[in-house]
2 protein chains.
Amino acid sequence: MVHEPTVLDRLLEISELFQKDMARGNDDSGLTPARVRLLWELAHSGPMSQHELATRMEVSRRNITGLVDALEASGHVARSPHPNDRRSTIVSLAASAQRMMRGMQQEHADLTADLLGAVDPVDRPALERGIDAIAGRLRELIAADEARRAEREGRRA
Amino acid sequence: MVHEPTVLDRLLEISELFQKDMARGNDDSGLTPARVRLLWELAHSGPMSQHELATRMEVSRRNITGLVDALEASGHVARSPHPNDRRSTIVSLAASAQRMMRGMQQEHADLTADLLGAVDPVDRPALERGIDAIAGRLRELIAADEARRAEREGRRA
DNA sequence: AGGTAACAGTGTAGTACCATCAGCATATGG
DNA sequence: CCATATGCTGATGGTACTACACTGTTACCT
């Protein structure tokens, strides 16, 4: 029942540790994972409509409404009308939240530097190539699986 | 606001993809993440008391009761009396669940092989060393942070 | 123009899950 | 015998998500 841990196991472990770390950050800020994810999306790609948020996060529009409601109430985001399309509302980060996200990105950058510092410089290029390769392959597999899944759904309907 | 993705970002991406994959597996088996985690703990470390499960999973005993209740109802685990301590009940995997977990481990092994196959063989040793180093460093950081946190808790109390 | 279809956001209602707290029963272990 | 650990009950709260129905807006298209 006991395996010697493979590279993938290590990766999974790192995943878990990251999650743990993220969860802690959430606790500190009083935000929930889903809300942080939304904020992160905004920080990364700038203001956008709720519809676009729903698409990117792959959840229902209704769900976005709730998340934005909460984040608006806590002052993290603001709703503003779309200049051209009066149906749409644009969600943007409040100044304070922008600062917060900047801080998180800074922390993230620091962590990156720290962790990378633990790797023998000689190994870094290969490490980078290897991780890229794995990420790429994983993306492929997921895409293929999703396609298969979608097709099966189609057949059934 | 746009960064070029670093190795760490790639790692985070891999984390997310893994999670997505796991979530899908959960859907298939009709199990929730927490329940799967419990099963995994049992598969990995063998039968144990609820108390021990609570300790390992870092959740309340009450929570374990609920999870075990559900898993027992669905036939994934069985409760049996502890041989020495008659207060305690031992939770163990049912045969079917054991098979299921074996299957999951097999899938995991296959995935590992597949993903590793995408990496240039020349890069693998360095990749392995690099990942080990990162995982190790991350563990250190988390441990240090937890210690700091615990101390602060102590001070307040 | 007028009608119609598609789209944005939202209200209502409902589901599933995780987790906690305080307290209770038991019987074990000292 | 009593303190304690173990597991369980009941009550509560909260997040995340969905489906359906509705309003207003835009775009298309005869």
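By convention in this document, chain letters (A, B, ...) are assigned in the order of the sequence lines, proteins followed by strands, and residues within each chain are numbered from 1. Since we're looking at a predicted model, the values are computed, not measured.
- Side-chain proximity of A:H51 to the nucleotides D:dC17, C:dC18, C:dG9 is greatest for C:dG9.
- As a whole-Å value, the separation of A:L38 CG from C:dG9 C1' is 15 Å.
- The side chain of B:T32 contributes an N or O atom lying less than 4.0 Å from OP1 or OP2 of C:dC18.
- Contact of the A:L111 side chain with the B:L141 side chain is registered, since non-hydrogen atoms from C-beta on lie closer than 4.5 Å.
- If you take CD of A:E72 and P of C:dG9, they are 13 Å apart, rounded to a whole angstrom.
- Distance A:D69 CG to C:dT12 P: 12 Å, rounded to the nearest Å.
- When the side-chain nitrogen and oxygen atoms of A:Q50 are compared with OP1 and OP2 of C:dT10, one or more of them lie within a distance under 4.0 Å.
- B:S88 has a side-chain polar atom (N or O) that falls below the 4.0 Å cut-off from OP1 or OP2 of D:dG7.
- Contact annotation: B:R79 does not reach the phosphate of D:dT6 (side-chain N/O to OP1 or OP2, under 4.0 Å).
- A close approach under 4.0 Å does not occur between any side-chain nitrogen or oxygen of B:R37 and OP1 or OP2 of C:dC18.
- In this structure, B:L38 CG and B:T32 OG1 are separated by 9.5 Å, a value rounded to the nearest 0.5 Å.
- For the pair A:L67 CG and D:dT15 P, the interatomic distance rounds to 11 Å; values are reported in whole Å.
- Residue B:R35 contributes atom CZ, which lies 9 Å from atom C1' of C:dA16 at whole-angstrom precision.
- Checking C:dT20, D:dC17, C:dG9 against the side-chain heavy atoms of B:N63 singles out C:dT20 as nearest.
- Under a cut-off of 6.0 angstrom, the local environment of CZ in A:R139 is crowded, with over 12 non-hydrogen atoms contributed by other residues, nucleotides or ligands.
- At whole-Å resolution of the value, CG in A:L53 and C1' in D:dC17 are 16 Å apart.
- Between A:S45 and A:R56, the closest side-chain pair of non-hydrogen atoms falls below 4.5 Å.
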## Note on the structure
Contact string for nucleotides 21-30 of chain C, one letter per nucleotide 5' to 3', B = base within protein heavy-atom range under 4.0 Å, S = sugar-phosphate only, - = neither, reads B------SS-
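- Atom CD in B:E58 sits roughly 11 Å away from atom P in C:dT20 (whole-Å rounding).
- For the OP1/OP2 pair of C:dT20 and a distance below 4.0 Å, the side-chain nitrogens and oxygens of B:R61 include no atom meeting the criterion.
- Residue A:H82 contributes atom NE2, which lies 15 Å from atom P of D:dT25 at whole-angstrom precision.
- Residue A:L42 holds its CG atom at 12.0 Å from NE2 of A:H44, rounded to the nearest 0.5 Å.
- Counting non-hydrogen atoms of other residues, nucleotides and ligands closer than 6.0 Å to CZ of A:R61 gives a total of 12 or fewer.
- At the phosphate of D:dC8, OP1 or OP2 sits under 4.0 Å from a side-chain N or O atom of B:T65.
- Within 6.0 Å of CZ on A:R124 lie more than 12 heavy atoms contributed by other residues, nucleotides or ligands.
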